Amino acid sequence: MFALMPVNIRLALRSLSRNRLRTLLTMLGMIIGVAAVLTMVALGTGARASVEGEVGSAGTKLVFVHSGNYIRGGASVGIEEGSGGADTLTLADMNAIKSEVQGIKFISPGLSTRTSVTVGATKAFAKIEGVAPAYSDAYSWDLKPGKMFEDNSSQAVVGRALADQLFGKGSNPVGKSMQIRDQVFEIVGVTSGESEDHKDTVFVPYQKLQSALGMQNIKEIVIAADKAGEASRIGEDVKKVLRKRHGQGNGAAKSYLSAQAGSGTSPDDFTVETQAAQALTKGLYTPAAAFALANLPKLDEVNLEEMADTLDHASDTMTALLASIAGVSLIVGGIGIMNIMLVSVTERTREIGLRVASGARSSDVAMQFLIEAVTLSVLGGLIGLVLGLVASRLIGWSLAWPVSVSFAAMGLAMGIAAAVGLVFGIYPARRASLLDPIDALRTE
Amino acid sequence: MSIISLQGLKKTYKLGDNIVQALAGVTLDIAQGEFVAITGPSGSGKSTMMHILGCLDRPTEGKYMLNGKDVSSLPRDELADIRNKQIGFVFQGFNLLPRTTAVENVEVPLLYTRPVMPAAERRERAMKALTAMGLQDRYDHHPNQLSGGQQQRVAIARALVNEPTLILADEPTGNLDTKTSIEVMRILQELREEKGITIVLITHEPDIAAYGTRIIAVRDGKILSDEPNTPRSTLEMAPEQIMVTAN
Ligand SMILES: Nc1ncnc2c1ncn2[C@@H]1O[C@H](COP(=O)(O)OP(=O)(O)O)[C@@H](O)[C@H]1O
Ligand SMILES: [Mg+2]
């Protein structure tokens, strides 16, 4: 029965190509249906994948503590105004966190400035970041060539773009020295990271930058959790430690905000953000969404599941819309195929009679028409696939929505197309196979 | 041994309260290598008989032995295999598939042989059958690019391609002019003489029946007469042509 598949497919293609316009119109439902299925899956998985991708490599291990509090509030939105951007964190804060909070793998302060660096006669303006050696592990730096500097040493790691600028393109500056203000550093590594904040940056031990700049306060603290999934808990503990140290959260109730702000009544002078929360605000590219999320109280507690849920929820509406378009189109497409196949059986009654007289069994006849129906739906599906790829790109682009089309999604769409052809092709095929060959041969 | 043996064959159709007896008890033996012409007026039951002989239909009553095997009540799939292997059909309307080349038309019966025949062998055998009909140069022509006689020769090639022992031809010359009709009759005579193929020809024209070795006349579903016949030579001119020449 299946041995004649190639012949039957050829026959199907020939009979379909005879009536191109009719074939195309018949396939329209399939085309739209499959395109809708593909777009739906592309938008759904794209949203999820973008979040998981952002968080992916490091998991949800990182927690950021920033000086200051940028929450934009005011009476009109019912959110306490943040205190702004003063550097309120100190090294003592960091050490307190390190000793009081459990489950920390690395902790590094971050402070930065912009100043000029010199190598011989070459001078460049660069961003100088003071961090702990653990920083490179927390961010999974790719140091090529070289290695991370040692704690409190006069060593530095430079970004690739800056190295190119100072030492020539593609050069190896490891072992050479550079001067930052009046201090000399030996270059021990180059970060080849693509990220913008790596390219033009010099990383030095934070102690050196502190002494050079006379800075006591630090801009941020980066913490890596021992285990993924502990970030929210660590963030919460960090807040407690800092609130105690900064004397916040136990003052008199003076805020209409106490409900949302959790335990605190006066606004914090720091911000704790988990990597997941950061990814979420990044994942939704639109500024409006980022603003809305940035102003959500307790955003720092958002974990991966909640974040994915949020995006899922946002994509639910679109999925529901596309699913109904897909469902209706596929049913209409299937009925269209059934209709045209019934017409085809009637038109080709004599052909069926001749085949039966020549020794075709009724299963052979049924198979021929079934394969023709599936060929029709799969062809429609292929066109729909192309249309779906274009449509999902367009929608993704116009709504700034991340899309991802997997081979599995394409396979699913084609599988649905074939299944529709099979289901709606059964009745016409059966009709064809049950034709009385004598009547069939008599038809003129 | 007789290739066809019919005993008390009846076929009745019920149309509402009316009962039509298309075949009213036919007993008949046809030996291997005969060229039997069955004649009779319209409605006498010729086609009904051919459908039963061709295993396209089953008798209401009676027995049909084909090559020594009772086929009166075989299941549909087995009848299909018998049609495929043992019987070749030639129809009045040629019944070629439109927009399909001659060679592909001839290949149709080969598609349904069991076990399945490889495509290359199908093509080779179809070309051989076409060549036997002198149409090897027209193998890629569509039916609408061929004359009536050529179309009927393609149909005969198709009937022969599976090397059947029996050819059933229902009014094969009905749509052809006299000259082409004689050509087709010559082909059928040669098949009988050279390959020993048994031919059952149905026609209402006495002129055409005259080419057979035996003429059976049917009327109202019964055999009226059954006579051996000295086949007319295809080298003779048909009476119409003699008249045309005389004028
Ligand atoms: N399917 C059918 N239903 C009812 N009556 C039929 C059917 N087929 C044939 N008949 C009747 O049987 C008789 C014989 O028909 P048929 O074998 O076609 O005759 P012929 O081929 O000699 O013209 C006719 O009276 C015809 O009307
Ligand atoms: Mg008839």
Side-chain angles (χ1 to χ4, degrees), chain A residues 1-23 343-372 375 429-444, chain B residues 11 13 22 47-48 50-52 54-58 75-101 104-119 122-123 142 155 158-162 164 168 170 174-175:
Chain A
M1 198 148 55
F2 293 99
L4 285 180
M5 200 80 112
V7 178
N8 280 332
I9 290 174
R10 198 142 35 84
L11 281 175
L13 288 175
R14 187 181 304 169
S15 95
L16 294 175
S17 69
R18 251 167 229 162
N19 249 315
R20 274 160 217 252
L21 184 62
R22 183 168 102 178
T23 301
V343 170
S344 181
V345 169
T346 308
E347 284 174 347
R348 286 151 71 191
T349 301
R350 268 162 79 79
E351 174 187 332
I352 295 166
L354 183 271
R355 289 183 185 276
V356 171
S358 301
R361 294 181 180 183
S362 38
S363 58
D364 293 325
V365 174
M367 203 55 155
Q368 182 187 338
F369 282 88
L370 199 57
I371 287 177
E372 186 164 324
T375 306
R430 202 177 140 66
R431 278 272 288 262
S433 74
L434 290 181
L435 274 182
D436 181 355
I438 298 166
D439 290 339
L441 286 167
R442 221 195 312 267
T443 336
E444 289 293 331
Chain B
K11 181 75 186 181
Y13 292 107
S47 293
T48 305
M50 199 197 83
H51 293 143
I52 293 173
C55 295
L56 287 166
D57 203 357
R58 281 178 286 210
R76 284 178 66 145
D77 282 356
E78 284 188 43
L79 290 178
D81 292 351
I82 289 174
R83 289 195 297 273
N84 184 249
K85 283 263 154 56
Q86 304 183 29
I87 302 170
F89 290 91
V90 180
F91 305 95
Q92 174 175 0
F94 318 137
N95 273 336
L96 297 179
L97 303 182
R99 286 162 297 221
T100 303
T101 62
E104 284 173 326
N105 265 291
V106 176
E107 278 180 26
V108 168
L110 302 178
L111 292 176
Y112 305 112
T113 56
R114 276 152 225 276
V116 171
M117 188 181 288
R122 287 201 299 263
R123 182 52 53 103
H142 289 182
R158 179 180 63 196
L160 288 173
V161 76
N162 240 342
L168 297 175
D170 192 355
N175 287 4

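Within every chain, numbering begins at 1; the chains are lettered A, B, ... in the order of the sequence lines, protein sequences first and strands thereafter. Because the structure is predicted, anything quoted here is derived from the model rather than measured.
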Heavy-atom pair with the smallest gap, counting every atom of B/Leu97 and A/Glu351: CD2-CG, 3.3 Å
Any A/Leu441 side-chain heavy atom under 4.5 Å of B/His51 side chain: no
Residue list, side chain to side chain contact (heavy atoms under 4.5 Å, CB included) with B/Ala155, at least two apart or on another chain: B/Leu96, B/Gln152, B/Arg158
Minimal non-hydrogen separation, A/Gly359 against B/Tyr112, with atom names: O-CB, 3.6 Å
Engaged part of B/Glu104 at the chain A interface, taking heavy atoms whose separation is under 4.5 Å: side chain
Residues which pass side chain to side chain donor-acceptor pair (under 3.5 Å) with B/Asp77, listed by chain and number, not counting sequence neighbours: none
Segment of B/Thr100 engaging chain A (4.5 angstrom heavy-atom cut-off): both
Straight-line distance of A/Ser433 OG to B/Arg76 CZ, nearest 0.5 Å: 7.0 Å
Side chain, backbone, both or neither of B/Pro98 within contact of chain A (heavy atoms, under 4.5 Å): backbone
Pairwise distance CG(B/Asp57) to CD1(A/Ile438) - rounded to 0.5 angstrom: 3.5 Å
Nearest non-hydrogen partners of B/Ala80 and A/Arg361, listed with the distance: CB-CG, 3.9 Å
Heavy-atom closest pair, residues B/Asn84 and A/Ser358: ND2-O, 2.9 Å
Atom CZ of A/Arg430: over 12 foreign heavy atoms under 6.0 Å: no
Portion of A/Arg18 that has a non-hydrogen atom of chain B nearer than 4.5 angstrom: side chain
Residue A/Ser362 versus chain B: region with a heavy atom under 4.5 Å: both
